[in-house]
Amino acid sequence: MAPSPDESSVDTTDAVDPATEESGFRVSLSNFDGPFDLLLTLISKHEMDITEVSLSAVTNEFIAYLKELDDDEELDQASEFLVVAATLLDMKVAGLLPQGELVDAEAVALLEARDLLFARLLQYRAFKEVSTWFARCLHREGRRHVRAVRLDEKHRKKTPELVWSLSADDFAALALLAFAPKEMPHVGLDHLHAPLVSIREQAAIVVTLLRSAESVSFRELVAGVQEPGIVVARFISVLELYRHAALSFEQLEPLGELTLRWAAESWSDETLASLGADYDR
Amino acid sequence: MTDDVTTTDGVTTTDGAPLAERIEAILLIIDEPIGLVALAAAVGSPVAAVRQTIETLVDDYDGRGHGPRRGFELREVGGGWRLYVRDDHDDLVADFIGGQAPARLSQAALETLAVIAYKQPVTRSQVASIRAVNVDSVVRTLLARGLITELFADAETGAINYGTTDTLLQHLGINSLDELPPISPLLDDGADGFDEGTIR
Amino acid sequence: MTDDVTTTDGVTTTDGAPLAERIEAILLIIDEPIGLVALAAAVGSPVAAVRQTIETLVDDYDGRGHGPRRGFELREVGGGWRLYVRDDHDDLVADFIGGQAPARLSQAALETLAVIAYKQPVTRSQVASIRAVNVDSVVRTLLARGLITELFADAETGAINYGTTDTLLQHLGINSLDELPPISPLLDDGADGFDEGTIR
């Protein structure tokens, strides 16, 4: 049945399919020896200090473990491990920070961040566990047979006559509409309603502005620009130009004014043409 | 009659599962009438036992058994048996279907039809990936309307390939698929995201 | 219950035709689950009477009425009622139709599906932040399978919100999202950063 929440955080074998769990990845560290999942459970219950766990040791063991798996399983397990390892790493960073007296706000914020990371890990595990319920139900129901029989001729004849009003040209127009790629957008600029902005075009503007002046602040660079998409694109183009060592920037204090200077020793329009190619779909 | 058959309602097969239930299970999912021999093979019982059980079921559904009369009946048509709605309820069914099948195709149905027309032969999952939605029920509607038809099953995957029918050509006022207005230039652009370039 | 209903098996409609028969006639021809209200409209009887008759039929097919147990059963799945082969006979039917099992979902798809089921309406980037990986192609698969659907676009960001479909419920063999196993206590801790409240 459903992974009962209380039990699942205490006894992992109760919540997840024991077969998959027990054959799963085990770790053997100086202070812990047992299934990986149990390690996570202990950490998430704060019964084991995350800072005591050597992530590199866990990783080494995991890689050894992966070598013995077949391909499909390996892929699933590896991707899962990456998710968990990334979270563990985050937790570790938070865990290593001093947490004696909670005097300054920054430390408190970091601790809260750590709780949030614990929460994220818990949440991830909850969904992972419940996904076994989905798999079980889908499998069981996939074996069932439902009545789905074509309508008998006698009844089919009684369906109302189809009203058809499309010409062949209308139909072709409709086909074009249907074939237009459904935007299965990539996360990012697709969420903005603004028209797509070309980083290359923005870079051209940035180059022109920078070469015509001794130094330009980023604020000046985007002065008068209303669309967030263009500001973003202009900023990305600054980063790209920096990558090409075409400019240098200076920021005297955090969140302070960003001053840009043209620094390219050799610059050609070809460089501009290939700029931001990483962002092309 | 035959040795492994007991009597009337309680007819059981050698393995103890009620034969009537096994026959009903098969009858529930078939599209076409099924002959006695095929049915006997399916349920793994002798033809004579199957015949006797079918007779019992006919009586049963007609209300001559222990239960009430059913809204469906078991009839032999063209040498095979199949479940049919009892004639008394034809009007009810006609009204229901009339309400279910609107006279006009939905936009979703038309777009799916267009994809099938230009990309045939094409499987349901290919259409679904182009339309980025599930098209199962729409394909059923188009089949029921006789606008598309099952062409063949893919040798490897068993997936059914669909194509359009002459009925569609008549509606469009053209004589063959070659007369469909070409839409290739735009399709080429859009084809990148799709599996293979078989679009015309 | 209602005035035009007599008792148990003998429930009849105002016009004298047995309600059970009319319901059976509709059940025999539908190709997706039919809800009580739609069924009541189809047979022209009050919902309460239809509900009662459905219950009688369920018992009847299960062998708790006057007749024998049937090879089929009446199940409420995905928001409506539909005839299924009784599960005892699934293997028999599978052998008979010889179809192949549908492709299984990957672990990534299952987890994404779980996140969407519990957190709907939810955008792809929200799902990705829980799964900590890109979910675009998985979402595409789930859409093509009809297990999830686009609900609406966020008014501000234009991001599409996804939710699960009745098809998913059918594939899970459950009748409503309420039948999903509860996972709230585990999630409560984690709910901070997410849109509160909607988790069960």
Side-chain angles (χ1 to χ4, degrees), chain B residues 9-11 17-30 34 38-39 41-44 56-57 60-61 63 65-72 83-86 88-90 92-93 95-97 99-100 124-137 140 144 157-159, chain C residues 8-11 17-32 34 38-39 41-44 56-57 60-61 63 65-73 83-86 88-90 92-93 95-100 103 140-150 165 167:
Chain B
D9 278 2
V11 177
L19 180 55
E21 277 195 31
R22 293 164 68 85
I23 291 175
E24 284 180 319
I26 299 290
L27 288 173
L28 195 76
I29 50 114
I30 51 166
I34 184 169
L39 190 54
V43 298
T56 310
L57 284 175
D60 196 358
Y61 295 167
H66 298 292
R69 194 178 80 155
R70 299 286 161 202
F72 44 82
L83 291 174
Y84 293 90
V85 170
R86 196 170 286 285
D88 303 27
H89 307 297
D90 278 352
L92 174 74
V93 169
D95 287 349
F96 179 72
I97 293 167
Q100 290 293 106
R124 247 181 329 177
S125 63
Q126 286 168 333
V127 178
S129 80
I130 291 169
R131 301 263 305 120
V133 289
N134 182 265
V135 295
D136 291 359
S137 82
R140 276 204 302 267
T157 64
Chain C
T8 61
D9 279 4
V11 177
L19 179 54
E21 275 196 34
R22 293 165 68 84
I23 290 174
E24 285 180 320
I26 299 292
L27 289 173
L28 200 73
I29 56 149
I30 51 171
D31 56 12
E32 49 188 35
I34 185 166
L39 191 53
V43 298
T56 309
L57 283 175
D60 195 359
Y61 295 167
H66 298 293
R69 193 178 82 153
R70 299 288 163 200
F72 44 80
E73 61 178 336
L83 290 171
Y84 278 79
V85 170
R86 191 169 291 283
D88 301 25
H89 308 296
D90 279 338
L92 173 78
V93 172
D95 288 347
F96 177 69
I97 56 180
Q100 357 173 248
R140 199 191 277 271
T141 303
L142 295 175
L143 277 174
R145 293 261 195 118
L147 302 177
I148 62 169
T149 187
E150 299 179 355
T165 60
T167 305

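In the text below, chain A, chain B and the rest are named by the order of the sequence lines, each starting its count at 1. These numbers come from the heavy atoms of this one structure, side chains and all, not from hydrogens, waters or symmetry mates.
Heavy atoms only, all atoms of each residue included: Ala144(C) and Ala128(B) are closest at O-CB, 3.8 Å. Among all heavy-atom pairs drawn from Gly146(C) and Asn134(B), the shortest one is CA-CB, 3.2 Å. The nearest pair of heavy atoms linking Ala42(C) to Leu92(B) is O-CD1, 3.1 Å. Smallest separation of non-hydrogen atoms from Leu28(C) and Phe72(B): CD2-CB, 3.6 Å.
Leu57(B) touches chain C through its side chain: at least one heavy atom from C-beta onward sits under 4.5 Å away, while N, CA, C and O do not. Leu39(B) does not touch chain C: none of its heavy atoms, backbone or side chain, sits under 4.5 Å away. Contacts between Arg86(B) and chain C at a heavy-atom distance below 4.5 Å involve the side chain alone, from C-beta outward.
Phe96(C) contributes atom CZ, which lies 6.5 Å from atom CD1 of Ile30(B) (distance to the nearest 0.5 angstrom). For the atom pair NE2 (His66(C)) and NE2 (His66(B)), the distance works out to 11.5 Å, reported to the nearest 0.5 Å. In this structure, the separation between CG on Leu83(C) and CD on Glu24(B) is 10.5 Å, given to the nearest 0.5 Å. Atoms CG and CD, from Asp88(C) and Glu21(B) in turn, are 6.5 Å apart once rounded to the nearest 0.5 Å. Put simply, CD1 on Ile29(C) and CD1 on Ile97(B) are 4.5 Å apart, with the number rounded to the nearest 0.5 Å. Remark: Arg70(B) CZ to Tyr61(C) OH distance equals 5.0 Å, nearest 0.5 Å.
Remark: Asp90(C) engages Arg144(A), His145(A) in a side-chain hydrogen bond (donor to acceptor under 3.5 Å, both in side chains) (not counting sequence neighbours). Arg124(B) pairs by the salt bridge (Lys or Arg N to Asp or Glu O under 4.0 Å) definition with Asp136(B), not counting sequence neighbours.
Of the listed residues Ile26(B), Ile23(B), Val127(B), Val133(B), the one with more heavy-atom pairs under 4.5 angstrom with chain C than any other is Ile26(B).
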